[in-house]
Amino acid sequence: MVSFYGRDCTSRMMVGTALYPSPAIMQQAIRASGAEIVTVSVRRESAGGGTGRQFWSLIEELGVAVLPNTAGCRTVRDAVTTARLARELFDTPWIKLEVIADDETLQPDVIGLVAAADELVRDGFEVFPYTTEDLGVAMRLADVGCRVIMPWASPIGSARGITNRKALELMRQRLPDVTLVVDAGLGAPSHAAEALEIGFDAVLLNTAIAKAADPVAMAKAFRLAVEAGYTAHAAGLMAPRDFASPSTPVVGTPFWHDLS
């Protein structure tokens, strides 16, 4: 069980709702993932129209919680305004906060992110900030009241997996009471398993599932990997060693000699 601002979930995987070949496949993939929380772009929904209503009916049929996001925002003002719109549209204090600094890498503007998070927390929001693996930034986000923090593994959609494992391990160690979610850059189920193995509470996925040849099968694969990674962490992983160690003990083992 993992808790997000007091909401307990059995699934440790969140999924996005963009880029799927069709709405029907999106719905099937979300079901196959077992996810109980999905992210939704505020800007897409605020456009309204028949397509928006159809999309929303599909989400409602799934019975999942919605985590609206401020994707595409590049200033504190835009992010805060979009978050407030999301609260009206979705009737939720939850917001996945994104403030983007660079159009090519989609790297978060960490200075603007902390400022926006501070303002939104004081306004009653429960903020899920998307950030880098920088420990100092994560600590500042925790200081302003973020009880969930979502560092990237690598840039959005890159499928490179965790590129700075030591930094994420340190973040986990230094923020033991914060719910940590690896968000962005996971391209294979093994990447998700690694995130759970090092002690992260959950992962968020979109592109790796939605752009797969078979999104439904890939969603299931990620679900199994997340379950395996969490189970391995809870069981206690063996620490790496510099030298070989025999799995069969030799001390006290009798040696038989040919007496012929």
Side-chain angles (χ1 to χ4, degrees), residues 1-20 23-47 52-73 79 82-98 116-117 120-121 123-131 141 145-151 156 178-184 186 192 195-196 200-210 215-216 218-220 222-223 225-227 230:
M1 194 76 70
V2 59
S3 180
F4 301 99
Y5 289 103
R7 181 185 176 112
D8 293 333
C9 296
T10 56
S11 173
R12 293 176 178 271
M13 186 164 117
M14 307 179 198
V15 294
T17 55
L19 306 176
Y20 290 89
I25 290 176
M26 175 201 72
Q27 195 178 52
Q28 293 167 31
I30 292 171
R31 284 200 176 102
S33 74
E36 297 165 57
I37 299 172
V38 299
T39 60
V40 174
S41 168
V42 178
R43 294 190 172 193
R44 176 172 65 180
E45 290 311 296
S46 63
R53 286 191 294 272
Q54 181 185 23
F55 170 82
W56 183 239
S57 68
L58 291 173
I59 297 299
E60 287 183 319
E61 287 175 10
L62 291 167
V64 294
V66 171
L67 174 60
N69 69 53
T70 64
C73 292
T82 302
R84 288 174 176 152
L85 175 61
R87 184 162 58 183
E88 296 298 320
L89 280 172
F90 299 102
D91 190 27
T92 178
W94 282 9
I95 191 71
K96 183 190 173 193
L97 180 62
E98 299 183 26
L120 290 172
V121 169
D123 194 23
F125 282 88
E126 295 173 340
V127 181
F128 296 63
Y130 163 64
T131 184
L141 290 166
C146 296
R147 290 160 49 196
V148 178
I149 296 175
M150 307 176 76
I156 294 174
V178 175
T179 299
L180 295 179
V181 182
V182 170
D183 175 17
L186 302 179
L196 274 292
F200 273 68
D201 297 289
V203 296
L204 193 156
L205 301 149
N206 191 172
T207 309
I209 293 175
V216 178
M218 187 60 74
K220 180 180 179 181
F222 270 102
R223 174 175 61 79
V226 166
E227 292 172 0
Y230 174 73

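Phe4 is listed as a side-chain neighbour of Val181, based on a closest heavy-atom distance under 4.5 Å. Ile37 places none of its side-chain heavy atoms less than 4.5 Å from the side chain of Lys96. Considering only heavy atoms from C-beta on, Met26 comes within 4.5 Å of Ile59 through its side chain. Between Pro68 and Thr39, every side-chain heavy-atom pair lies at or beyond the 4.5 Å cut-off.
To the nearest 0.5 Å, atoms CG (Asp183) and CZ (Phe128) are separated by 11.5 Å. Rounded to the nearest 0.5 Å, atoms CG (Leu62) and OG (Ser33) are 9.0 Å apart. In this structure, OG1 on Thr207 lies 10.5 Å from CG on Leu186, to the nearest 0.5 angstrom. Residue Met14 holds its CE atom at 13.5 Å from CD1 of Ile30, rounded to the nearest 0.5 Å. Rounding to the nearest 0.5 Å places CD1 of Ile25 at 10.5 Å from OH of Tyr20. Once rounded to the nearest 0.5 Å, the distance linking CG of Leu67 with OG1 of Thr92 reads 8.0 Å.
For Tyr5 (side chain) and Val127 (main-chain N/O), a donor-acceptor pair under 3.5 Å exists by modelled atom type. The closest donor-acceptor contact from the side chain of Arg223 to the backbone of Ala32 lies under 3.5 Å. A side-chain donor-acceptor contact under 3.5 Å links Arg12 to the backbone of Met1. Remark: side-chain polar atoms of Gln28 are not paired, donor with acceptor, to backbone N or O of Val216 under 3.5 angstrom. Counting only distance, with no hydrogens or angles, the side chain of Asn69 and the backbone of Glu98 share no donor-acceptor pair below 3.5 Å.
Between Glu88 and Arg84 there is no salt bridge, since no side-chain N of the basic residue sits under 4.0 Å from a carboxylate O of the acidic one.
Within a 6.0 Å sphere centred on CG of Asp8, other residues, nucleotides and ligands contribute more than 12 heavy atoms.
The two residues Ala195 and Val182 have their closest heavy-atom pair at CB-CG2, 3.7 Å. Closest heavy-atom contact between Ala86 and Ile95: CB-CD1, 3.8 Å. In terms of heavy atoms, Pro129 sits closest to Cys146 at CG-SG, 3.8 Å. In terms of heavy-atom proximity, Met218 sits nearest to Ala208 at CG-O, 3.5 Å. Shortest non-hydrogen contact noted between Val203 and Leu196 is CG1-CD2, 3.7 Å. Residues Ala117 and Leu141 come closest through the heavy atom pair CB-CD2, 3.9 Å.
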Give the C-alpha distance, both sets of side-chain angles, the deciding distance and a yes or no for side chain to side chain contact (heavy atoms under 4.5 Å, CB included) between Val40 and Phe90. CA-CA 10 Å; Val40 174; Phe90 299 102; 3.9 Å; yes
